[in-house]
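Take a look at the structure below.
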Amino acid sequence: MPRQRRFVGRPHANALAVFIVRITDPRSTQEVFDLMGTPGRATWAKYMNGSAVIPRRTLGALVRAVCGTDERRRAAYTQQANRLWRAADDESRRPEDDGGESALVRLHERLAEAVEARHRAELVAAKANAAVGVLRDMRALMESVIDSTRAQLRSAADRERSGLRQLLVDAERRAARIEDELGKAQGRRYTAEQAQQALAREVFEAREEIARLRHSINRMPVDDLPAAPSPALPPTPEIVMDALDDQLATIVGEGAAADEELAGLLEQADLQPDSSVTSPPTIPGVVIDRPGPDRGHRLEDTAVPAAGADGAPRSRRAAAARHAVARRRTRTTVGVCLALLASLGVSLVWDPPPAGRSGEVRDVLDGDRLTIGVSLDSPGLGEADGITTLRGFESAMAPWLARRLGFADGAILRTGLPGEERGPRLRSGQVDMVIARMEITAARKSEFVFVGPYLKSHHGILVMKTDKDVSSFKDLAGRRVCTRVSSPAEQSLVRDNQAVAVNRNRLGECVAALRTGSVDAVVGSQVELFGYTQKYDDLAVPPAATDGQEAGLYAVALPAGTPDASCRRVLQALREYVRGQWKGDFGSQLGSVVQAFPTTWTAFAPTEGDLDENSSCASA
């Protein structure tokens, strides 16, 4: 049975001591000392028998040690302990027989404890205030991270959906082109099979006729034979067979070149049945585009040889014309070819050779139609959309200028030009005007008449959208950078910035190399590069990355020798276009440039001073 404790203090001190004994039960005084560690064992004996009042701070530590993690119990004990301690403390201040000295001592002790407690509370408050500031900053940071993460998730989902939509569009376009090409191939095969059958019949009839003539000759008496060969004798059967073989090779499409000729005939030519005698030896083929909402236009641009284009078949037919049998054979063969083409709905229109090839001055505006060369491979400027449609800033501007120059829609012809063919086609007269990224240079000014510019652009850089390390030309150092072979300015920029130069014939080939990872960047005209970002979502043009040089000037090109009066007519039409229609066409066809330069995109437009300074006829 545990020892009974004796409480020797005053009533309230004894009540506090009873409380201490109760909450520490069944621990002894020694065990309580071992639990707390301070003050000494004798002091704890006084606290537990009521002869001394335990300090408030020590009482609080004892309650925490006894209750541990039991918060509810701890709160109840703390409340009771505070109440008992205040009563014992007040009791201790009331003197018994010492004249007030004990009360004064206790008052000073209480004052010291209160000051110390206030100091500790201030420290705790300061630490808590600092913690609040840190936690608020952390909360703001985490909210920013959460918002950014959510935005990235939304953006990633949008990109994924956009990529899938683009894949679907590309697949549908590719399927349509494949279906179209399949139909063309089947048509070519059917045409070739018909030609083979017709020519086989022709060969059979020719051999029968030869055999009949030989049989007749062999039966003639020797005296009836002519004394000397007549100059009007028919050609040998071998020569006739060679002519048939030549025509068969053209129609059937033996080899790649013959197949291209046959495809050109089916897709571009317009052959009339009565043109076999009066037609020229070659047919200059152009892409015919009559602007209008319901009109498509072909994208091929080939030259279609007429019958006898190589000279040999025509000369042999001329020789055979001196004999009735050979002449009938020739007419029959040509008739078969024309009938085959007519059965496919193909007709040949014989265009007269363009004027100006003999050195005389050619006025491109003095005619009943205008042929304009435009780009087919420059997104945003001039591009073939599918198989039958042209779109882009330059492709939209070309018919506008032509109509302003007085040409009706039915007389405006657009032909697709590869970059390397712009000058040769303009010099040869195959096109009357070029609006296809033709930059004004000192060398070209001596070869062509320029009106413009209609567009200005610095050089820029095209990279993958995930590449965030390129923001200037200096960042190209050590990278593989692709440029066009025909652009010394682009190649110079690459070399000057210590990049590894990779050259391709066309800018589109550079873009393909970038998207497959063969090169790290592409350097070219900034506005032209922005066009590719509209076509491919994974590409980007850093807007601030420019060469710092004067902007390149793209202008309308006319043949050398164009009269000044015609040049000024084109210049006036271009002035009206720049003042009115330019912004609408540029914004609709090159929206990526407007997004990249929302307040300065009109800097790509020419000024009146640009037109006056750079047009060949501005000062005339």
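- Under the 4.0 Å criterion applied to side-chain N and carboxylate O atoms, Arg569 and Asp564 are not assigned as salt-bridge partners.
- Between Val364 and Pro559, some side-chain heavy-atom pair lies under the 4.5 Å cut-off.
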Checklist entry - Should Glu420 and Arg506 be marked as a salt bridge (charged side-chain N to carboxylate O under 4.0 Å, His left out) after you check the CA-CA gap, both sets of side-chain angles, and the distance that decides it? => result CA-CA 9 Å; Glu420 64 274 12; Arg506 298 180 183 178; 2.9 Å; yes
Next on the checklist: Let's go through Asn505 and Glu509 carefully: what are the C-alpha distance in whole Å and the side-chain angles of both, what is the deciding distance for side-chain contact (heavy atoms from CB on, under 4.5 Å) to 0.1 Å, and is it a yes or a no?
Outcome noted: CA-CA 7 Å; Asn505 291 327; Glu509 297 175 6; 3.9 Å; yes
Checklist entry - After noting the C-alpha distance and the side-chain angles of Tyr554 and Phe604, does the key distance pass the side-chain contact (heavy atoms from CB on, under 4.5 Å) rule? => result CA-CA 10 Å; Tyr554 298 98; Phe604 290 88; over 6 Å; no
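- You'll find the side chain of Leu529 reaches within 4.5 Å of the side chain of Val522, heavy atoms only.
- In this model, a donor atom of one side chain and an acceptor atom of the other lie less than 3.5 Å apart for Gln581 and Asp585.
- With sequence neighbours excluded, the residues satisfying salt bridge (Lys or Arg N to Asp or Glu O under 4.0 Å) with Glu490 are Arg484.
- Rounding to the nearest 0.5 Å places CD of Glu528 at 9.5 Å from NE2 of His459.
- Formation of a donor-acceptor pair under 3.5 Å by the Arg422 side chain with backbone atoms of Ala436 is found in this model.
- Atom CZ of residue Arg391 and atom OG of residue Ser588 lie 11.5 Å apart, to the nearest 0.5 angstrom.
- Residues Val463 and Asp520 fail the side-chain proximity criterion, which asks for heavy atoms closer than 4.5 Å.
- In this structure, Gln526 contributes its side chain and Thr546 its backbone to no donor-acceptor pair below 3.5 Å.
- Partners of Asp610 under the salt bridge (Lys or Arg N to Asp or Glu O under 4.0 Å) rule, at least two apart in sequence or in another chain, are Lys456.
- Looking only at side-chain heavy atoms (C-beta outward), Val481 and Val500 stay at 4.5 Å or farther from each other.
- In this structure, Gln498 contributes its side chain and Ala477 its backbone to no donor-acceptor pair below 3.5 Å.
- Cation-pi geometry between Arg515 and Tyr536 is met: under 6.0 angstrom from the ring centre, within 45 degrees of the axis.
- Within the 4.5 Å cutoff, the side chain of Gln430 has no heavy atoms near those of the Glu421 side chain.
- No donor-acceptor contact under 3.5 angstrom links the side chains of Tyr532 and Ser378, judged on distance only.
- If you take CG on Leu381 and CZ on Arg437, they are separated by 7.0 Å, rounding to the nearest 0.5 Å.
- What you find for Val451 and Cys567 is that their closest heavy atoms are CG2-SG, 3.7 Å.
- Listed for the Arg480 side chain is no donor-acceptor partner under 3.5 Å among the backbone atoms of Ala521.
- In this structure, Ser395 contributes its side chain and Leu390 its backbone to no donor-acceptor pair below 3.5 Å.
- A donor-acceptor distance shorter than 3.5 angstrom exists from the side chain of Thr516 to the backbone of Ala512, with no hydrogens or angles considered.
- For the pair Val570/Leu365, a side-chain contact is recorded, criterion being any heavy-atom separation below 4.5 Å from C-beta on.
- Residues Ala573 and Arg404 come closest through the heavy atom pair CB-CG, 3.7 Å.
- The backbone N or O of Ala499 lies less than 3.5 Å from no partner atom in the side chain of Asn497, so there is not a single donor-acceptor pair.
- Judged purely by atom type and a 3.5 angstrom limit, Lys474 has no side-chain atom pairing as donor or acceptor with the backbone of Ser471.
- Rounded to the nearest 0.5 angstrom, Asp467 CG and Asp475 CG are separated by 9.0 Å.
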Next on the checklist: As a quick check of understanding, evaluate side-chain contact (heavy atoms from CB on, under 4.5 Å) for Leu370 and Met433, giving each step before the final call.
Outcome noted: CA-CA 8 Å; Leu370 186 69; Met433 178 186 295; 4.1 Å; yes
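- The distance from the CG atom of Leu571 to the CG atom of Asp612 is 7.0 Å, given to the nearest 0.5 Å.
- Of the possible donor and acceptor atoms, none in the side chain of Ser492 sits under 3.5 Å from a partner among the backbone N and O of Pro488.
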Checklist entry - Can Ser487 and Thr483 be said to form a side-chain contact (heavy atoms from CB on, under 4.5 Å), step by step? => result CA-CA 7 Å; Ser487 179; Thr483 64; 5.8 Å; no
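- Expressed to the nearest 0.5 Å, how far CG of Leu514 lies from CG of Leu539 amounts to 5.5 Å.
- Residues Gln534 and Gly380 approach most closely at NE2-CA, 4.1 Å, considering heavy atoms.
- Between Ala555 and Tyr454 the shortest heavy-atom distance is C-CE2, 3.3 Å.
- Sorted by first and then second residue, the pairs that involve residues 389-443 and meet ring pair (Phe, Tyr, Trp, His ring centres under 6.0 Å), not counting sequence neighbours, are Phe393-Trp582, Phe393-Phe586, Trp400-Tyr577.
- Residue Ala545 comes nearest to Ile461 through the heavy atom pair CB-CD1, 3.9 Å, listed as atom of the first residue, atom of the second, then distance.
- Using a 4.0 Å cut-off between charged nitrogen and carboxylate oxygen, Glu608 and Arg579 count as a salt-bridge pair.
- Leu590 approaches Gly531 most closely through the heavy-atom pair CD2-CA, 4.3 Å.
- Side-chain atoms of Lys445 never come within 3.5 Å of backbone atoms of Phe450 as a donor-acceptor pair (strictly under, hydrogens ignored).
- No side-chain heavy atom of Glu383 sits less than 4.5 Å from a side-chain heavy atom of Leu376.
- Contact check for Val523 versus Leu476: side-chain heavy atoms found under the 4.5 Å cut-off.
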